[in-house]
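Notes to accompany the following structure.
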2 protein chains.
Amino acid sequence: MAGARRPGAEISDLTAKRLSVYLRSLEDLQAAGVTTVSSQAMAEKFGLNSAQIRKDLACFGEFGVRGVGYVVADLKDQITRILGLTRDRKVIIVGAGNLGMALADYAGFNAGGFRIVALFDNDRGKVGGRSRGGVPVLDMEALPQIARREKAGIAVLAVPAAAAQKVLDLVSRAGIKAILNFAPAQLKARPGVTLKAVDLKIQLENLVFHLARAEEVHR
Amino acid sequence: MAGARRPGAEISDLTAKRLSVYLRSLEDLQAAGVTTVSSQAMAEKFGLNSAQIRKDLACFGEFGVRGVGYVVADLKDQITRILGLTRDRKVIIVGAGNLGMALADYAGFNAGGFRIVALFDNDRGKVGGRSRGGVPVLDMEALPQIARREKAGIAVLAVPAAAAQKVLDLVSRAGIKAILNFAPAQLKARPGVTLKAVDLKIQLENLVFHLARAEEVHR
DNA sequence: GCCACTTTGTGAATCGAGGCACAAGGTGGC
DNA sequence: GCCACCTTGTGCCTCGATTCACAAAGTGGC
């Protein structure tokens with residue numbers, strides 16, 4: 001049975017994130033020549049509950065074979081399809097500072113269906129240059145036009161916090177519907193736009209919080 | 001009633017993350033000259049429920065004044081103390097590739113009580129150099145010694161996925177108890193070590209998932 | 001000093017995610 | 001073809017997080 005989707009079922013974001021994890025694991029398994037895998041085996045591999053894995057997968061159809069498990073190659077294809085990774089996606093990065101430049105060249109970003117087409121900055125000194133990996137730095141004013149022409153679906157914000165909301169509005173108006181924000185600021189996206197934040201400072205502070213608690217108990 | 005902590009109460013990680021968000025907001029308010037703020041006002045500021053904010057704060061004592069709200073300066077100090085941000089923390093970064101180098105110079109990482117003392121890499125070609133911002137790149141073999149001498153509390157992993165688990169074990173053995181992992185891999189930390197993952201690929205894939213769903217509905 | 005008003009702190013209700021346990025369904029041996 | 005065995009898919013339960021709603025407590029005006 002092919003791809004019997006259930007359009008009504010609302011998928012939790014947590015489930016979607018786990019699907020990415022499963023996919024990565026399946027790629028490893030496939031590379032290792034494994035052809036089938038049970039939910040139990042996958043669960044042990046990364047400290048999850050096997051029922052959870054089965055439930056996550058069951059959201060989208062019945063991919064498993066009872067008594068056997070899941071066929072690695074099939075499941076990989078299914079998840080790839082579910083996640084929408086069947087076609088390439090173009091990404092633009094706004095902010096050509098340290099972080100923006102590094103992200104532009106970061107291998108993890110330019111693989112697996114993602115391609116970074118341009119960096120944007122409003123600093124005339126940076127415009128016209130390229131990242132070490134060759135991604136061009138363009139003027140912010142060209143963003144709407146380029147974004148539409150290239151059909152960029154995703155924007156990464158690597159700008160200072162103070163500018164972030166303004167830039168978010170700009171890229172939203174340019175028709176981009178998915179945004180990854182690295183700026184340390186709580187932004188508001190208009191409906192229909194998906195906004196994810198990667199807040200490094202909060203992550204660090206959270207680590208310190210755990211450290212401080214551990215020290216306290218120790219005392 | 002100064003800092004009436006409740007040692008028994010277990011604090012959720014979600015609460016701790018929100019405290020960081022509150023702290024940032026309080027800094028803004030203080031800079032803007034605001035002296036008191038109500039939970040209601042903060043809630044509106046970033047789309048949260050006011051009861052949640054009050055409950056988060058109530059975990060650690062009674063900081064508010066009924067009928068008035070919270071005194072911005074006091075609350076800021078309290079949260080700073082709760083999060084353990086009263087003293088500086090030294091951070092090491094493992095992996096001097098694009099990402100590691102960028103993180104070393106990233107302003108958000110070298111502020112607010114964090115200081116990056118060194119990068120480590122096992123590539124002899126990189127060892128001996130410095131990041132643009134001046135952070136030295138040292139040999140991986142020196143890591144345990146340097147980490148202990150500098151009393152580094154936090155390690156950031158910016159190494160390839162294949163090496164990540166090994167590096168995690170190494171820094172754990174060096175006495176580091178808090179680790180931020182950027183490698184796209186599911187790692188296992190020993191008990192007593194806090195491990196947080198920032199998985200950029202999963203974030204991107206998650207965005208694509210939302211895009212794909214939106215496109216589907218559109219059709 | 002008293003009262004109307006505001007906002008906190010918190011018990012109770014609600015909601016959602018994760019885990020358990022088992023019936024349903026498929027496989028391979030004979 | 002039948003049977004013992006294995007693993008999926010799923011109803012039910014548990015637990016924690018969020019939200020609601022209200023009594024308690026402080027403020028400012030008069």
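All values reported here derive from a predicted model rather than from experimental measurement. Order of the sequence lines fixes the chain letters, A, B, ..., with proteins taken first and strands second; residue numbering starts at 1 for each chain. All values below come from the heavy atoms of this structure, side chains included, with hydrogens, waters and symmetry mates left out.
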Subject >> Side-chain donor/acceptor of B:Asp105 to backbone N/O of B:Gly133, under 3.5 Å >> reply: yes
Subject >> DNA chain D contacts made by residues 20-37 of chain B, counting heavy atoms under 4.0 Å >> reply: none
**OP:** Return no unless some side-chain N or O of B:Ser39 is found under 4.0 Å from OP1 or OP2 of C:dT7.
**Re:** no
Subject >> Distance, rounded to the nearest Å, where B:Phe60 contributes CZ and C:dG9 contributes C1' >> reply: 15 Å
Original post:
Do B:Val208 and A:Leu83 pass the side chain to side chain contact (heavy atoms under 4.5 Å, CB included) test, and can you show the C-alpha distance, the side-chain angles, and the key distance before you say yes or no?
Top reply: CA-CA 7 Å; B:Val208 172; A:Leu83 291 178; 5.9 Å; no
Original post:
Salt bridge between B:Arg115 and B:Asp88, side-chain N to carboxylate O under 4.0 Å?
Top reply: no
**OP:** Working to the nearest 0.5 Å, report the span between OG1 of B:Thr194 and CG of A:Leu207.
**Re:** 6.5 Å
Original post:
Over its full length, what angle do the end axes of the helix from C:dG1-D:dC30 to C:dC30-D:dG1 make, each axis taken from five pairs and the result rounded to 10 degrees?
Top reply: 20°
**OP:** Grab the CG-P distance between A:Asp56 and C:dG18 for me, whole Å please.
**Re:** 8 Å
**OP:** Look at the side-chain N and O atoms of B:Tyr70 and state whether any lies under 4.0 Å from the OP1 or OP2 oxygen of D:dG26.
**Re:** no
Original post:
Which whole-number value in Å describes the distance from B:Gln40 CD to C:dT8 P?
Top reply: 8 Å
Original post:
Does a side-chain N-to-carboxylate-O contact under 4.0 Å join B:Arg24 and B:Asp28?
Top reply: no
**OP:** With rounding to the nearest 0.5 Å, note down the distance linking CG in A:Asp56 to OG1 in A:Thr15.
**Re:** 4.0 Å
Original post:
Given atom CG of A:Leu48 and atom C1' of C:dC20, what is their separation to the nearest angstrom?
Top reply: 16 Å
Subject >> Reading 5' to 3' through nucleotides 23-30 of chain C, protein heavy-atom contacts under 4.0 Å coded B for base, S for sugar-phosphate only, - for none >> reply: -BBBS---
Let me check something: any side-chain donor-acceptor pairs from residues 167-178 of chain A under 3.5 Å, sequence neighbours excluded? List them with distances.
| residue | atom | partner | partner atom | Å |
| --- | --- | --- | --- | --- |
| A:Asp169 | OD1 | A:Gln165 | NE2 | 3.2 |
| A:Ser172 | OG | A:Leu168 | O | 2.8 |

**OP:** Only counting residues at least two apart or in another chain, list the ones meeting side chain to side chain contact (heavy atoms under 4.5 Å, CB included) with B:Val65.
**Re:** B:Val68
Subject >> Between P of C:dT10 and CD1 of B:Ile53, the distance in whole Å >> reply: 16 Å
Original post:
What's the CZ-P distance between B:Phe63 and D:dA25, to the nearest Å?
Top reply: 19 Å
**OP:** Measure the spacing between NZ of B:Lys151 and NZ of B:Lys90 and express it to the nearest 0.5 Å.
**Re:** 8.0 Å
Subject >> Spacing between B:Asn49 atom CG and C:dA12 atom P, to the nearest angstrom >> reply: 19 Å
**OP:** Decide side chain to side chain contact (heavy atoms under 4.5 Å, CB included) for A:Leu75 and A:Leu57; before the verdict, give the C-alpha distance in whole Å, the side-chain angles of both, and the deciding distance to 0.1 Å.
**Re:** CA-CA 9 Å; A:Leu75 188 55; A:Leu57 298 176; 4.0 Å; yes
Subject >> Minimum-distance nucleotide to B:Ser38 side chain [options: D:dT10, C:dT8, D:dC20] >> reply: C:dT8
**OP:** Supply the atom-to-atom distance A:Gln40 CD to A:Asn49 CG, rounded to the nearest 0.5 angstrom.
**Re:** 8.5 Å
**OP:** Quick one: sort the A:Tyr22 and A:Phe46 rings into parallel, tilted or perpendicular, breaks at 30° and 60°.
**Re:** parallel
Original post:
Side chains of A:His210 and A:Arg213: closer than 4.5 Å at any heavy-atom pair?
Top reply: no
Original post:
When the distance from CZ of B:Arg54 to P of C:dT6 is rounded to whole Å, what number comes out?
Top reply: 15 Å
Original post:
Reckon A:Ser50 touches a base, only the sugar-phosphate, or nothing at all at heavy-atom distances under 4.0 Å?
Top reply: nothing
Subject >> N-O pairing of B:Asp13 and B:Lys17 below 4.0 Å >> reply: yes
**OP:** Could you run through nucleotides 12-17 of chain D and give me one letter per nucleotide, 5' to 3': B if any protein heavy atom sits under 4.0 Å from the base, S if only the sugar-phosphate is that close, - if neither?
**Re:** B----S
